[in-house]
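First up is the structure itself, then whatever we jot down about it.
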Amino acid sequence: MDEKYFPEQIEKKWQQRWAESGVFEATEDDPREKFYALEMLPYPSGFLHMGHVRNYCIGDALAWFKRLQGYNVLHPIGWDSFGQPAEQAAIKRRVNPRDWTEENIVHMRGQLQRLGLSYDWSREIAAHRPDYYKWDQWFFLKMLERGLAYKKVSQVNWCPKEETVLSNEQSSGGICWRCGTQVEKRDLEQWFLRITDYAEQLVRDIEQIEAGWPEKVLKRQSDWVGRSEGAFIDFQIKDTGKKIRVFTTRIDTIYGATAVIVSAEHPLLDEILEGSLLKPDIQAFAEKVKQQRATRTGEAEEEKEGLNIGALAINPFSSEPVPVWVANYVLMEYGTGAVMSVPAHDERDFEFAQKYSLPIRQVIAPATHDQIKGEPVQTTAGDASGEIRQSFTGYGVLINSGEWGGKLSEVAIKEMAEYAKAHGFGEPAVTYRIRDWGVSRQRFWGAPVPVIYCPNCGMVPVPYEQLPVVLPDTAEFTGTGESPLAGVPEFVNTTCPNCDSPARRDTDTMDTFVDSSWYFFRYCDPRNDNEAFNSVITRHWTPVDQYIGGDSHAVMHLIYTRFWTKFMRDIGLVDFDEPVKRLLTQGMVTNRVEGTDEWKAMSKSLGNGVDPDEMIAAFGADATRLFVLFAAPVENELRWSETGIEGAVRFLRRVYTMVWRWHERLSNAAVESDALDSSDGARALRRKTHQTIAKITSDFEGLHLNTSVAALMEMFNQLNDFNADPATASDSDVFAVREALEALVIMLTPFAPHISEEMWDGLGHEGGLLKQVPRWPVADPGLAAREELEIPIQVNGKLRSRVIASPGVSEDELRQSALADERVRALIDGREVVKVIVVPERLVNVVIR
RNA sequence: GCCGGAGUGGCGAAAUUGGUAUACGCACCAGACUCAAAAUCUGGCGAGGUUCACUCCUCAUGUCGGUUCGAGUCCGACCUCCGGCACCA
């Protein structure tokens with residue numbers, strides 16, 4: 001240990017030692033309890049940004065904490081290295097995407113190492129390497145085998161800027177998740193994964209993780225799956241023998257249905273129209289709606305438009321014929337693509353009915369408290385003129401509904417669906433909003449879809465033993481819609497595995513979210529050539545104990561990985577339903593945008609980025625890490641400030657200087673036990689030490705890292721105030737200082753590991769902090785307990801005085817000393833004491849009148 | 001529009017879940033050291049009033065009301081900001 005704190009020297013030294021000794025490498029054959037700490041793996045864009053730094057500092061602090069507590073910690077890292085930016089670089093700068101990616105990985109790995117993150121580098125993986133994506137292909141074939149992967153022509157989301165297909169999750173809100181461009185619709189033949197088969201489980205199993213995941217993420221997942229209970233009801237089309245099936249959640253309103261409305265893409269449209277005079281008009285209308293849909297701006301809702309197609313549908317409950325319309329606000333993708341229109345009780349139907357003068361018939365009356373108590377039903381939806389001015393969408397009491405009149409909505413919804421089922425014109429039903437996951441990408445830089453097309457045999461899966469289907473070294477990167485792979489004859493041309501005749505490979509690659517759906521299982525067994533991972537080994541580590549990442553993946557990666565895990569369970573690879581026990585979504589790191597008052601996520605295009613390497617060079621990795629964790633609670637936005645980081649440097653230097661002052665005395669003098677004659681100051685210091693140990697240990701459970709750092713600072717301040725002189729201090733004082741300094745150094749380690757190792761060494765310990773674990777201190781409640789209590793005395797709820805009492809003081813004693821207090825007596829003089837509230841060991845409140 | 005979350009000093013933020021509001025840090029101010037500056041160390045720092053001073057008083061956690069001996073915390077209404085979803089029948 002040197003007298004002065006030079007971060008770059010210390011950090012280099014310990015990074016080297018860690019690498020040489022392999023202390024962060026985890027093995028399964030370790031009897032200690034395991035802990036899997038995981039951070040979302042980065043895309044190798046070339047440069048680490050502060051958001052990464054924050055993410056990894058949180059995870060690293062937790063990994064260190066658990067290690068020091070004696071856990072066998074798995075803390076791996078890898079690269080989500082397939083994807084668009086590499087291909088964009090290839091298109092724009094004519095570089096090879098593989099070279100570009102590998103170079104970026106080298107640079108970013110260096111950055112991570114300069115931060116001193118405690119990863120097990122022996123387990124590093126990269127999605128673009130054949131030994132990894134071989135298993136993406138294997139999983140794809142497994143899904144194909146089980147009918148979970150299928151191909152169909154459909155309208156897909158298309159980002160015109162990146163010229164690529166996007167999944168529904170990636171185009172949420174109608175904009176591209178990566179570049180924010182307005183998404184268009186295109187008809188393409190695409191591979192899909194049947195995530196909808198798991199919709200029910202994706203909602204149901206939320207129960208298993210709700211204790212450990214942020215509520216807002218679970219809510220977004222549950223909204224995204226969009227489970228909706230209702231009923232299917234068949235409306236016969238008059239004079240045709242055909243029927244239209246509608247989905248409704250409000251079967252109780254069916255007597256108010258004044259039309260049936262189908263989507264422009266509804267298949268029955270063509271059938272019904274056979275021979276109809278209206279056919280050209282309707283086809284033109286349907287075409288127009290399709291256009292609207294394709295170019296939707298995503299912002300405002302379209303004006304509702306529709307057309308009466310001249311057919312009548314029979315309401316199976318009332319036997320009433322109602323007109324069939326086609327309209328732009330009915331979506332083919334949801335439910336059955338057809339709805340019953342109940343203007344009186346649905347806002348959209350109301351708006352539509354107003355515009356086209358469809359009848360509006362009230363069939364639900366609000367059920368108020370009064371009404372339930374027997375007051376007459378108030379039909380508030382209509383005014384004196386009988387005109388209905390807005391729809392009433394709440395539950396209530398059925399009116400104008402034949403034999404169902406008088407029932408409450410809740411009851412009618414159940415009974416009417418059962419009735420429909422019993423009479424063969426419908427049934428209770430559950431629908432979901434989630435759609436199947438479109439995974440085809442007409443891109444080069446991804447895992448090729450392992451499928452061959454043979455003129456004789458049709459579509460043939462690549463046999464497992466022929467995996468991986470390896471990407472060619474390069475291709476023509478035009479940036480247009482077709483996959484570059486289609487232009488590589490050596491890749492495309494192959495022979496059929498069945499009949500050996502010439503055949504062609506599928507030229508699509510898979511969505512990169514396939515790679516990230518299972519990568520953390522691969523970390524458990526990263527070099528396995530025979531399987532994606534060995535189940536027994538992986539079972540040792542998984543599920544993940546704590547996952548940390550940004551909440552931008554709340555419905556993309558996190559829903560895919562839950563789906564993937566359930567699939568892996570179904571093919572016997574894992575034996576649990578949910579991959580992640582606890583999830584933390586950390587806040588963004590923002591910086592002021594030059595010349596404005598706006599704080600935005602750091603980015604190259606806004607020019608408000610901060611280079612982690614510059615921070616490390618200027619302040620050291622330890623100070624950078626400490627500041628990032630101290631500046632705000634982990635889930636809050638973190639507004640970057642350079643003055644703040646100087647405070648972190650200052651703190652580290654002060655601690656370092658303190659250890660330097662004491663290190664000789666502490667590493668030489670063997671002071672074995674606490675002498676009985678300890679000074680007040682020494683006892684107070686020990687109390688603070690043990691209080692701080694308790695505080696930080698429990699703060700770590702909730703990842704309240706900012707308050708942990710504050711507690712360390714407080715403890716240091718008290719140590720500083722204690723102000724003992726190493727040359728002359730008594731044995732008992734030295735004992736208290738040693739205890740405090742050692743606890744301080746150990747508890748500082750998760751935040752600033754390099755300087756902590758250096759100071760631990762300076763305090764006379766050899767072999768590093770992980771030489772002997774558990775090392776994390778344990779609080780002694782006896783030592784942490786206060787010797788005397790300062791009890792605030794309130795009069796009428798206002799703080800007026802304080803008294804000193806000992807722990808365990810009785811309520812009565814406290815009451816007496818409060819009433820005996822001089823200031824309190826002055827205040828109660830001449831007034832009546834109504835009562836005295838005593839909170840044991842906390843507070844006294846004297847109520848006077 | 002619907003669904004979430006949040007409003008506490010000049011700033012980032014604390015507050016053991018109803019019990020001393022503003023811990024810790026940043027910024028700022030003053031003092032020490034220095035020829036000087038930086039660094040470092042020491043002290044101060046919600047607002048207003050009062051006192052030579054020690055002190056004490058009043059107000060203050062977005063606004064208004066309520067519950068309670070006591071409210072940043074619970075309840076009701078509202079305002080503002082941020083995020084998500086957006087014709088999902």
Side-chain angles (χ1 to χ4, degrees), chain A residues 172-174 214-220 222-224 226-228 230 246-251 253 261 263 296 298-304 327-331 333-342 345-349 351-352 393 431-435 551-552 554-555 588 599 626-627 630-633 635-648 650-651 653-654 657 691 694-695 698 704 706-717 720 790-802 823 834-848:
Chain A
S172 171
E215 214 181 310
K216 75 175 171 193
V217 173
L218 294 175
K219 170 122 189 11
R220 284 180 60 188
S222 151
D223 284 353
W224 188 260
R227 185 180 193 280
S228 180
V246 304
F247 175 71
T248 177
T249 55
R250 292 301 302 275
I251 190 172
T253 65
I261 307 183
S263 135
R296 246 192 75 119
E299 296 285 300
E301 281 174 16
E302 295 287 346
E303 157 102 21
K304 289 185 178 41
N328 62 348
Y329 74 99
V330 177
L331 310 172
E333 311 87 74
Y334 186 75
T336 61
V339 301
M340 62 181 203
S341 177
V342 186
H345 305 292
D346 182 283
E347 281 176 33
R348 294 152 301 173
D349 293 340
E351 194 186 324
F352 190 73
T393 58
T431 60
Y432 303 90
R433 204 185 83 121
I434 192 170
R435 302 270 72 92
D551 69 359
S552 57
V555 286
M588 281 197 304
W599 292 82
L626 183 71
F627 170 67
F630 173 59
E635 58 279 341
N636 281 25
E637 175 186 332
L638 192 166
R639 298 188 162 189
W640 190 255
S641 118
E642 296 237 342
T643 51
I645 197 169
E646 282 162 21
R650 210 170 297 158
F651 174 67
R653 199 180 296 132
R654 276 155 56 92
T657 305
Q691 285 170 348
K695 159 100 178 130
S698 81
H704 303 304
N706 57 324
T707 52
S708 291
V709 177
L712 283 175
M713 289 172 168
E714 257 188 84
M715 179 179 155
F716 174 80
N717 289 344
N720 199 40
E790 197 188 46
I791 307 290
I793 310 296
Q794 296 180 335
V795 176
N796 284 351
K798 289 202 168 127
L799 179 69
R800 294 301 182 197
S801 187
R802 297 168 212 276
R823 295 209 51 226
V834 181
K835 61 172 144 174
V836 181
I837 311 280
V838 180
V839 184
E841 301 199 354
R842 288 304 286 262
L843 164 143
V844 179
N845 188 12
V846 181
V847 186
I848 60 175

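A note on names: the letters A, B, ... follow the listed sequences, proteins ahead of strands, and every chain is numbered from 1. Owing to the predicted nature of the structure, the values given are computational and were not obtained by experimental measurement.
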Practice problem: Mark yes or no for a side-chain to base donor-acceptor pair under 3.5 Å between Lys219(A) and rC3(B), with no hydrogen or angle criteria applied. | Solution: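 No such pair is found, so the answer is no.
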
Quiz item: Do the side chain of Arg650(A) and the base of rU40(B) come within less than 3.5 angstrom through a donor-acceptor pair of N or O atoms?
Solution: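 Check fails, no donor-acceptor contact within cut-off.
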
Practice problem: Run the salt-bridge test on Arg250(A) and Asp346(A) with the 4.0 Å N-O cut-off and return the result as yes or no. | Solution: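 Between Asp346(A) and Arg250(A) there is no salt bridge, as every charged N stays at least 4.0 Å from the carboxylate O atoms.
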
Give [X] one of three labels, base, sugar-phosphate or nothing, depending on what nucleic acid heavy atoms sit under 4.0 Å from its own.
X: Ser641(A); answer: nothing
X: Asn717(A); answer: sugar-phosphate
X: Gly647(A); answer: sugar-phosphate
X: Val330(A); answer: base

Is there a Watson-Crick or G-U wobble partner for [N] with both distances under 3.5 Å, and which nucleotide is it?
N: rG25(B); answer: rC11(B)
N: rC35(B); answer: none
N: rG70(B); answer: none
N: rC81(B); answer: rG5(B)
N: rC64(B); answer: rG76(B)
N: rC59(B); answer: rG46(B)
N: rA89(B); answer: none

Would you tell me if any nitrogen or oxygen in the side chain of [X] comes within less than 4.0 Å of OP1 or OP2 on [N]?
X: Arg653(A); N: rU40(B); answer: yes
X: Asn706(A); N: rA14(B); answer: yes
X: Ser172(A); N: rC85(B); answer: yes
X: Asn720(A); N: rU42(B); answer: yes
X: Asn328(A); N: rC87(B); answer: no
X: Arg842(A); N: rC69(B); answer: no
X: Arg433(A); N: rA86(B); answer: yes
X: Arg220(A); N: rG83(B); answer: no
X: Lys835(A); N: rC69(B); answer: yes
X: Lys798(A); N: rC59(B); answer: yes

Exercise. May I have the step-by-step check of ring-ring contact (aromatic ring centres under 6.0 Å, His included) for Trp224(A) and Tyr432(A), ending in yes or no?
Key: CA-CA 9 Å; Trp224(A) 188 260; Tyr432(A) 303 90; over 10 Å; no

Quiz item: Can you tell me how far P in rA47(B) sits from the matching atom in rG9(B), rounded to whole Å?
Solution: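 One P to the other, the span is 12 Å.
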
Quiz prompt | Rounded distance in Å between the C1' positions of rC79(B) and rG46(B) | solution =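 Each nucleotide's C1' atom is 24 Å from the other's.
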
Quiz item: Can you check the Phe627(A) CZ to rG25(B) C1' distance for me, whole Å?
Solution: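 Distance, rounded to whole Å: 9 Å.
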
Exercise. Could you check which of rC69(B), rA89(B), rA23(B) has an atom nearest any side-chain atom of Glu714(A)?
Key: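 So the nucleotide nearest the side chain must be rA23(B).
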
